[in-house]
Amino acid sequence: MRRMRVWFDVVRQRWRGFFLLRLALSMAALHIVVLGVTLVDVGRRGAAARAELERQAALQKARQLATAVRHGVLTRDLALLAEQVDAMRSAGKLRYAMVLDVHGRVLAHTAPVFVGQFVVDPFSQAQLSRHDVLQPVVAQNTTQLLDVWAPVWHGAGLAGWVRVGLDPAYHTLDLWSEWQQGWWYGLLMVGAGLVLATGVARSLGRDVARLQDVMRRVRQGDLDVRIEVTRSDELGELMDGVNRTLQRLAHDEAALRHTSASLALERGRLAAVLASMRQGVLVLDEGGRVQLCNVALCRLLGLRGAPQTWQGRTLTEMLRHSVLPPDAWRDGVTGPKATSTPTSRLADGSEAAEVELPVPLPDGRLLARDRVALQDDAGQPNGTLWLVRDVTDELLAQERLRWQAMHDPLTQLPNRLLLSDRLKHALARARRTQQLLAVCMLDLDDFKRVNDVLGHEAGDVLLQRVAERLRSCVRADDTVARLGGDEFVLLLSELGAPEEVQVALQRVCEVVARPVALPQGEALVHASIGVTLFPINDNDADTLLRHADQALYQAKQQGGNRYVMFDVEFSQRVQLQQRLRERLRIALEADELVLHYQPRVRLRDGRVVGAEALVRWPQGDGGMWYPDRFIPLIEQDALIDALGEWAVRTALRQLRVWAQQGCAVPVAINIAARHFLQPDFVERMQALLASCPDVPATWLEIELVESAALDNLEQAAATIERLRGLGVAVAIDDFGMGYASLGYLRRLPVDKVKIDRSFVMRMLDDRDDGQVVQAIIGLAHTFGRDVVAEGVEHDALAQALQRMGCDEGQGYGFARPMPASDWPAWWSGWSEAHPGAAEDALPKAAV
Ligand code: C2E
Ligand code: MG
Ligand code: MG
């Protein structure tokens with residue numbers, strides 16, 4: 001059975017191959033069927049027509065016979081009737097002919113035996129009973145018999161019947177005979193059908209073959225082939241459709257080739273990027289299987305083999321082969337939900353990735369990972385991306401940075417930031433334990449001198465040694481912090497009684513006071529300490545530090561090398577000073593201060609060679625405050641800079657007025673050391689001079705007050721040089737006081753030295769002071785500087801100074817400081833008393 005089916009299939013296949021034959025045969029068979037049906041139909045119609053003709057002929061015969069026999073019937077002339085019936089025998093296919101009377105007796109018959117007999121069958125009886133029949137009728141018309149009756153009328157009466165029976169010849173269709181009649185026609189039709197079918201099949205076959213050829217070439221990969229469309233029928237449309245499809249295919253194939261080329265390029269780039277990344281990259285699918293990973297990931301996780309070997313394997317398997325601890329990062333293996341990045345909601349409603357602690361590896365490294373939930377284009381989750389990195393160095397660096405942010409780099413002690421944190425904690429603990437906490441502010445006496453004498457490097461080493469000593473003096477729980485410079489803070493906690501603080505601080509003072517051996521020489525410094533005790537002084541951290549600072553200030557004022565407990569009275573005094581400072585700031589801004597001017601006279605000839613501007617603060621009650629009352633308050637802050645600038649600006653404006661009045665002289669302005677050391681000091685002076693272009697720079701002089709406070713002599717010297725370059729003369733004020741000494745004279749390229757008035761005023765009474773004045777004059781001249789004596793209260797002093805070689809003098813002996821408005825009158829009075837003095841009062845360039 002199976003073999004048969006196979007065989008059948010083979011035949012069917014073959015058969016399908018004979019397209020032309022099939023087509024021709026199919027068309028011939030169709031013709032035969034159509035021809036057959038047509039023939040049968042034509043035959044059938046022919047038979048019906050012939051039957052009708054036969055019937056008409058039979059009726060005609062009966063009618064003729066009826067007409068012929070009428071006389072014989074009426075006369076009952078049987079012989080005539082027999083003769084006339086006999087004459088019917090010549091009619092073809094006649095089965096019988098008879099003549100009947102009205103009762104059905106046979107009067108004549110083609111078979112004479114029936115003459116005289118009656119027709120008694122029911123069919124004939126029914127026919128005989130009809131008297132309304134005027135024309136012949138077909139009584140029976142079967143395949144066997146065509147029986148026709150015709151009435152024989154005599155006048156209006158029926159005389160008898162004529163009956164004729166015929167054999168019907170063409171009642172049925174004989175196909176075979178029909179076929180035999182039309183076979184040559186059928187053959188012709190089949191032949192024509194074959195010719196027609198072959199023609200159609202050949203025309204179709206040629207185009208089908210072309211189509212087949214095109215398809216074969218397409219199968220071989222040639223998409224540029226096209227079929228020539230030569231028809232406009234359905235096959236033509238099909239060919240056109242094939243061409244369009246091929247065109248579309250060629251276009252799509254080109255696009256596909258381009259896409260796959262760029263995909264390959266992208267894949268190559270991705271591979272290169274992944275390979276060059278230092279971060280480990282891992283892409284997992286929804287089921288926790290590895291889709292992609294890079295070399296860095298394998299290296300970080302200690303995985304053997306190339307990244308490709310892990311593709312398709314499960315995360316569980318990968319982690320099992322890694323150096324990660326057994327329970328680390330296992331949350332990614334359980335499926336899609338767990339692979340998404342865990343998030344938490346921030347106060348602003350946004351989502352933030354939860355911070356995951358790095359995982360420590362057995363070799364000490366720390367690994368961190370970022371997880372990103374991946375989504376497809378439709379926004380559906382389709383995996384997870386891990387970015388893994390070694391954060392060991394990063395965390396160490398962070399730790400180091402954090403440490404550096406909290407510590408002083410020189411001494412490694414906690415800095416201000418960490419101190420404030422420690423202080424807050426210490427306060428909280430002290431509040432809890434009800435024990436004393438000492439907040440101590442410590443400052444080194446004479447530290448600046450070590451810096452100046454032994455250099456900054458020595459100063460740094462000294463600070464380090466002091467820091468070590470301070471640490472050794474306190475307990476492990478206590479804090480020693482450095483705020484900067486030589487300022488330290490000690491937090492001594494868990495103290496039972498104030499006496500314990502005294503003992504501890506006494507020890508600190510002693511330890512600090514021990515000589516320190518430095519490479520540059522031995523240094524000796526002392527500590528001044530201000531202390532306040534919490535909760536006796538129940539205040540917040542900032543206030544406690546401020547109080548300790550106030551106490552420190554007090555310790556300094558008391559000569560240093562001691563500790564002073566903060567006391568409220570002192571604090572109030574400090575607050576008072578602060579209020580005063582604030583008032584001064586406002587007064588300065590409101591331009592309420594005034595300058596008084598005191599002339600400077602050349603001792604040789606009494607000529608006025610300049611004036612010093614001295615600030616005064618008029619009070620609301622009509623009184624006048626002198627600088628000693630308020631300058632010390634602001635000497636250490638930016639207000640002194642503002643005061644200096646204000647004085648320069650005011651003096652320059654005044655000079656402009658005096659120039660118009662003809663009494664202008666160079667005016668010296670007192671400038672504090674800290675102001676003088678501002679990096680932009682010269683530029684500021686230049687700007688002020690530029691704002692009064694009609695006042696030459698040579699009319700401005702600078703007196704460097706508190707020169708002992710100059711902690712950067714190189715910078716000061718450079719500033720002096722630049723000022724002198726502008727034409728502004730510079731003098732060291734109050735020389736002989738403080739530490740301003742020979743070193744200063746040598747290193748600072750000033751024009752003048754002003755001897756402090758305390759030496760000058762007493763020099764006639766005190767031998768030592770006289771010698772100091774003499775020494776200063778000698779020294780200054782040695783370095784080529786002019787000498788001005790302050791405090792020249794009377795003529796005798798002026799004369800003595802002149803004898804000692806002093807160049808200029810300033811003091812009550814010449815004039816007291818006076819308001820600017822008094823100056824022109826004084827000037828003209830003095831000029832009159834000292835004729836010629838005004839001529840060369842101004843430097844040449846200024847005249
Ligand atoms: P200084 O620069 O040494 O000014 C000289 C001081 O000696 C002035 O005091 C002056 O009135 C006073 N004086 C002058 N001749 C005599 C005299 O014959 N006998 C006595 N006993 N005193 C005399 P003053 O005006 O009270 O100024 C004191 C200090 O205030 C000044 O000393 C100066 O250091 C500072 N000062 C004044 N004005 C300013 C200023 O605008 N800026 C700055 N930074 N300091 C100023
Ligand atoms: Mg002065
Ligand atoms: Mg002075």
Side-chain angles (χ1 to χ4, degrees), residues 584 587-588 591-601 603 610-618 623-652 654 666-678 681 685 688 700-710 729-738 740 750-765 769 773 776 787-798 800-801 806 808-820:
L584 177 58
L588 191 62
D591 204 18
E592 285 172 8
L593 303 186
V594 292
L595 286 180
H596 281 187
Y597 298 87
Q598 186 178 32
R600 207 172 65 238
V601 175
L603 295 175
E612 181 175 9
L614 296 158
V615 67
R616 304 287 183 260
W617 186 3
M624 186 74 89
W625 282 9
Y626 286 81
D628 291 341
R629 186 145 179 200
F630 54 90
I631 289 220
L633 294 181
I634 58 166
E635 229 156 16
Q636 299 307 323
D637 63 45
L639 213 48
I640 193 77
D641 307 353
L643 177 72
E645 287 206 9
W646 168 86
V648 173
R649 200 179 308 117
T650 310
L652 289 175
Q654 190 55 59
V667 173
I669 308 292
N670 292 285
I671 295 292
R674 74 152 263 155
H675 185 195
F676 194 76
L677 288 180
Q678 291 302 317
F681 179 75
M685 290 301 122
L688 288 169
L700 180 67
E701 290 181 359
I702 300 285
E703 284 188 17
L704 201 39
V705 190
E706 282 274 317
S707 54
L710 288 173
V730 183
I732 298 181
D733 206 351
D734 304 330
F735 196 82
M737 291 301 285
V750 290
D751 299 273
K752 293 187 183 85
V753 172
K754 287 185 91 172
I755 308 172
D756 191 82
R757 65 177 185 268
S758 57
F759 300 109
V760 178
M761 278 157 51
R762 291 191 303 258
M763 68 178 229
L764 294 183
D765 309 322
D769 286 339
V773 172
I776 292 173
V787 183
V788 183
E790 289 176 345
V792 184
E793 291 191 338
H794 44 78
D795 266 358
L797 269 176
L801 284 163
C806 182
E808 293 164 16
Q810 179 184 333
Y812 299 165
F814 304 112
R816 286 181 175 264
M818 62 191 93

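Just so we're clear, the structure is a prediction, and the values are computed from it rather than from any experiment. Counting convention: from 1, in listed order, for ligands and their atoms alike.
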Close-contact set for ligand 1 against [X] heavy atoms, below 4.0 Å:
| X | result |
| --- | --- |
| Met761 | 19 (N), 20 (C), 21 (N) |
| Asp734 | 3 (O) |
| Arg616 | 11 (O), 25 (O) |
| Pro817 | 11 (O) |
| Asp733 | 1 (P), 2 (O), 3 (O) |
| Leu614 | 4 (O), 8 (C), 10 (C), 25 (O), 37 (C), 38 (N) |
| Val705 | 34 (O) |

So which atom in [X] and which in [Y] form the shortest heavy-atom distance, rounded to 0.1 Å?
| X | Y | answer |
| --- | --- | --- |
| Ala672 | Ile640 | CB-CG1, 3.4 Å |
| Glu703 | Ala668 | OE2-CB, 3.5 Å |
| Val594 | Pro618 | CG2-CG, 4.0 Å |
| Asp769 | Ser758 | OD2-O, 4.2 Å |
| Ile732 | Phe735 | CG2-CD1, 3.8 Å |
| Gly644 | Ile671 | CA-CD1, 4.1 Å |

Identify the protein heavy atom lying closest to [atom], giving its residue, its atom name and the separation to 0.1 Å.
| atom | result |
| --- | --- |
| atom 45 (N) of ligand 1 | Ile631 CD1, 3.3 Å |
| atom 21 (N) of ligand 1 | Glu793 OE2, 3.2 Å |
| atom 15 (N) of ligand 1 | Gln598 NE2, 3.0 Å |
| atom 13 (N) of ligand 1 | Tyr812 CE2, 3.9 Å |
| atom 42 (N) of ligand 1 | Asn670 O, 3.3 Å |
| atom 27 (O) of ligand 1 | Pro627 CG, 3.4 Å |
| atom 28 (C) of ligand 1 | Asp628 OD1, 3.7 Å |
| atom 38 (N) of ligand 1 | Val615 N, 3.1 Å |

Under 2.8 Å: N/O/S of Asp756 next to the Mg ion (ligand 3): no
Distance check below 2.8 Å: does Asp734 bring an N, O or S atom to the Mg ion (ligand 3)? yes
Rounded to 10°, how big is the angle at the Mg ion (ligand 3) from Asp733 OD1 to Glu790 OE2? 70°
Taking the ring centre of each residue, are Trp625 and Phe630 less than 6.0 Å apart? no
Are Gly644 and ligand 1 in contact, using a heavy-atom cut-off of under 4.0 Å? no
Looking at Tyr812, does the NZ or CZ of Arg816 lie under 6.0 angstrom from its six-membered ring centre and within 45 degrees of the ring axis? yes
[X] side chain near [Y] side chain, heavy-atom distance below 4.5 Å:
| X | Y | result |
| --- | --- | --- |
| Gln654 | Leu595 | no |
| Met818 | Pro599 | yes |
| Ile755 | Met763 | no |
| Tyr626 | Arg616 | yes |

Between the CD atom in Glu808 and the CD atom in Glu790, the distance rounded to the nearest 0.5 Å is 12.0 Å
Distance, nearest 0.5 Å, that separates CG of Leu614 from NE2 of His596: 9.5 Å
Say whether Glu612, considering both its backbone and side-chain N or O atoms, lies within less than 3.5 Å of an N or O atom on ligand 1. yes
Return a yes/no value for Ala613: is any of its N or O atoms, backbone included, closer than 3.5 angstrom to an N or O of ligand 1? no
Name the option, out of His794, His596, Arg757, Arg629, that contains the heavy atom nearest to atom 9 (O) of ligand 1. Arg757
I'd like to know if the side chain of Glu793 reaches the main chain of Gly811, judged simply by a donor and an acceptor atom lying under 3.5 Å from each other, with no hydrogens or angles considered. no
In Glu612, the N, O or S atom nearest to the Mg ion (ligand 2) is which? OE2
Using only N, O or S atoms, tell me which atom of Glu703 is closest to the Mg ion (ligand 2). OE1
Counting heavy atoms only, which part of Glu790 comes closer than 4.0 Å to ligand 1: side chain, backbone, both or neither? side chain
